[in-house]
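Remarks on the structure that follows.
Hydrogens, waters and symmetry mates are skipped; everything else that's a heavy atom, side chains included, is used.
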Amino acid sequence: MAQYQSKSNGPDLTQGIALSDLPDGGKLVGHCGDEQVLLVRRGTEVFAIGATCTHYGGPLVDGLVVEDTVRCPWHHACFDLRTGEAVRAPAFNPLACWSVDQRDDRIFVGEKRKRMAHKPASGGTGQFAGKVVIVGGGAAGFAAAERLRREGHQGSILMLSDDEAPPVDRPNLSKDYLAGKAPSDWVPLRGASFYAKNDIDLRLKTNVADIDVRSGEVVLADGNRTAYDRLLLATGAEPVRLTIPGADQPHVHTLRSFADCSTIIDQAKTARSAVVLGASFIGLEVAASLRARNIEVHVVAPDERPMERVLGPQMGDFIRSLHEQNGVVFHLKDTATGIDGTNVQLSSGLALAADVTVAGIGVRPRLGLAEKAGLSLDRGIIVDSFLETSVPGIFAAGDIARWPDPHTGENIRVEHWVVAERQGQTAALNMLGHREKYTAVPFFWSQHYDVPINYVGHAEPWDEIAVEGDIAAKDCLLRFKRKGRTLAVASIFRDIESLTAEMEMERQTAN
C-alpha cells in the first residue's frame with residue numbers, strides 16, 4: 001500500500017492554535033518544521049505525536065482514539081499518546097512525540113522529546129533471565145523476539161528458522177511487492193543490524209527435528225542440541241502442494257517465502273499469461289498483482305464464488321466483478337487435472353496457456369514437532385489463555401495455535417498475519433512471567449487493486465449477514481451474525497466503523 005501523503009501541512013503548530021480549534025476528543029494535523037504532527041485532546045490534556053502510522057504510513061488523524069491510545073485506520077496498529085510507543089502490532093516502531101504548552105487559551109507545540117525508555121509491563125516477576133528459544137522465523141517469532149528485548153529481557157534469545165531470509169513482511173509478498181509497487185527494502189521486517197544490536201541469535205536454514213521435553217532441549221536436524229528455559233513454537237503453516245501431473249515443473253509455484261516471491265517476479269518479467277489455482281485471499285491478491293504487470297490472468301477454483309466461505313455471497317460476487325473489471329478471467333466450479341508443459345488442463349476439458357502457474361489452494365499448520373513432543377493437539381496446538389501449551393514452559397503462537405477466544409466462547413485457530421504478531425507479543429510477556437491473557441480480536445486485511453477489505457472478528461459459521469451501505473459502490477460494512485450477535489465485520493472504506501467494531505468486540509465477551 002502506498003505511503004500516506006498529507007494534502008496539506010496544516011497550521012504551524014509552533015506558532016500555536018486556539019484551544020477552541022481542538023475540542024475535547026478532537027484530532028488535528030499540523031506541522032513543526034518539515035514534520036507532520038498530530039494533536040489529540042483528551043479533557044485538559046493535549047498530546048502531540050507523529051501523524052502517520054509507522055507500519056504502512058496510514059493517516060492517524062482518520063483513526064480512533066481509545067483512552068490514551070490512537071489506532072490506525074488502515075491496519076489497526078495502536079500507539080500510546082503519551083510515549084508514542086507502538087503498543088500493538090502490526091506496527092513496531094514508535095511515533096515521535098513533542099512537548100505541548102497551553103497558555104492564554106492557545107496550544108503551542110515545542111521541541112521534539114527525546115525517546116522515552118520503554119516501561120516494562122506490570123505483573124511479571126521481573127526476575128526471569130533464562131534462555132528463550134523460538135522455533136520459526138515468521139510473524140509470531142519475530143514479534144516475540146522484539147517484544148522480549150523491548151521488555152528488557154536480559155537472557156539469550158535464539159531464533160531457529162528454516163527459511164533462507166530473515167523475517168519478512170509476508171503480506172507484501174502477494175500485494176505491493178509482487179505487483180512491482182514496493183521496493184525490496186520494504187520486505188524485511190528488520191535489517192540484519194537489528195538482530196545484532198538486540199543480541200538476537202537468528203539462525204537461518206536451520207531445521208529442528210525434535211523437542212526433548214524431559215531435558216528441555218531442542219534437537220536440530222544435524223544432531224546438535226540446544227537447551228531452553230522457555231520455548232516458543234511459531235512454525236506457522238505450509239502451502240498445500242499440487243499433486244497433479246506436471247506440478248513439479250519450474251514455472252509452477254506456491255507463494256509463502258521471499259524466495260518464492262522472487263522467483264515468481266523473475267518469471268513474470270517475461271511472462272505473457274498466468275494461471276492462478278484457487279480463489280483464496282492469497283490467490284486473488286496474486287492475480288491482482290500479476291495483472292498490475294500486464295499479464296493475462298486466469299483463475300481456476302472449485303468454488304461457486306470467490307471467498308464466499310469467509311465473506312459471504314454478496315462480497316464474493318463483488319470481488320469476482322472487481323477482478324473481471326480488471327481483466328481476470330474466472331473458471332469457477334472447475335479444477336486443474338494436469339499441467340502439460342505450459343498448458344494447464346482443466347476437468348472441464350479446457351486447456352489454459354500459462355507461462356507462470358501459482359497454486360493458492362490452502363495451507364496446513366506445521367504440527368509435526370508438537371506431535372512428536374506429545375503436546376495436546378486439536379487441528380492445531382491447544383494453548384490456554386496465556387498461549388501456553390499442555391507442557392509448562394512451552395508456548396505456541398500464530399497459525400499453529402488453537403486458543404480459547406473470549407469473544408465467541410470457542411477454541412479457534414486462524415491464519416492471519418496480525419493475529420500471529422499479536423500472539424507473539426503476548427507469548428513474550430508470558431514467557432517472562434506475566435499473566436496476560438490473549439484477548440485481542442482477530443483482524444486481517446486484503447488488498448485487491450485499489451480496494452482494501454478489512455475484517456474484524458471471527459465468524460465460523462454465521463446465520464445472517466447484515467449489509468450497511470453499498471458494496472458495488474465500494475462503501476460498505478457487513479456484519480456477520482449468529483443468533484443475532486455480531487461475531488465479525490467486513491468493510492470497504494469504512495475505516496472508523498471497522499475500528500469501532502473492534503473496540504466494541506473487545507469490550508464484550510461470550511456469555
Exercise. Just wondering, are more than 12 heavy atoms of other shown residues or ligands nearer than 6.0 Å to CZ in Arg113?
Worked result: yes
Problem set entry | All side-chain hydrogen bond (donor to acceptor under 3.5 Å, both in side chains) counterparts of Arg366, not counting sequence neighbours | Asp162
For this session: Decide, yes or no, whether a salt bridge links Glu296 with Arg291 under the criterion of side-chain N to carboxylate O below 4.0 Å.
Result: no
For this session: Determine whether the side chains of Ser215 and Glu217 contain a donor N or O and an acceptor N or O closer than 3.5 Å.
Result: yes
For this session: Report yes or no: do Arg241 and Thr254 form a side-chain donor-acceptor pair below 3.5 Å?
Result: yes
Exercise. Just checking, is any N or O donor in the side chain of Ser446 or Glu285 under 3.5 Å from an acceptor N or O on the other one?
Worked result: yes
Exercise. Do the ring centers of His448 and His323 come within less than 6.0 Å of each other?
Worked result: yes
Problem set entry | Thr426-His434 side chain donor-acceptor pair, cut-off 3.5 Å | no
For this session: Name the orientation class of the two ring planes belonging to Trp462 and Phe480 (parallel below 30°, tilted from 30 to 60°, perpendicular beyond 60°).
Result: perpendicular
Exercise. Between His76 and Phe443, how do the two ring planes meet: parallel, tilted or perpendicular, split at 30° and 60°?
Worked result: parallel
Exercise. Ring centroid separation for His75 and Tyr56, is it under 6.0 angstrom?
Worked result: yes
Problem set entry | Residues Glu410 and His458: side-chain donor-acceptor under 3.5 angstrom | no
Exercise. Ring centres of Phe281 and Phe444 under 6.0 Å apart?
Worked result: yes
For this session: Please determine if Arg435 forms a cation-pi arrangement with Phe386, meaning its NZ or CZ atom is less than 6.0 Å from the six-membered ring centre and no more than 45° off the ring axis.
Result: yes
Exercise. Is the cationic atom of Arg230 (NZ for Lys, CZ for Arg) positioned less than 6.0 Å from the six-membered ring centroid of Phe128 and within 45 degrees of its normal?
Worked result: yes
For this session: Could you note down all residue pairs passing side-chain hydrogen bond (donor to acceptor under 3.5 Å, both in side chains) where residues 255-266 supplies at least one of them, sequence neighbours left out?
Result: Arg256-Asp399, Ser257-Asp260
For this session: Would you confirm whether the ring centroid of Tyr438 sits within less than 6.0 angstrom of the ring centroid of Phe395?
Result: no
For this session: Would you confirm whether the ring centroid of Trp186 sits within less than 6.0 angstrom of the ring centroid of His55?
Result: no
Problem set entry | Under 3.5 Å: donor-acceptor pair, side chain of His253, backbone of Ile264 | no
For this session: Indicate whether the side chain of Arg190 and that of Asn93 have a donor and an acceptor atom separated by less than 3.5 Å.
Result: yes
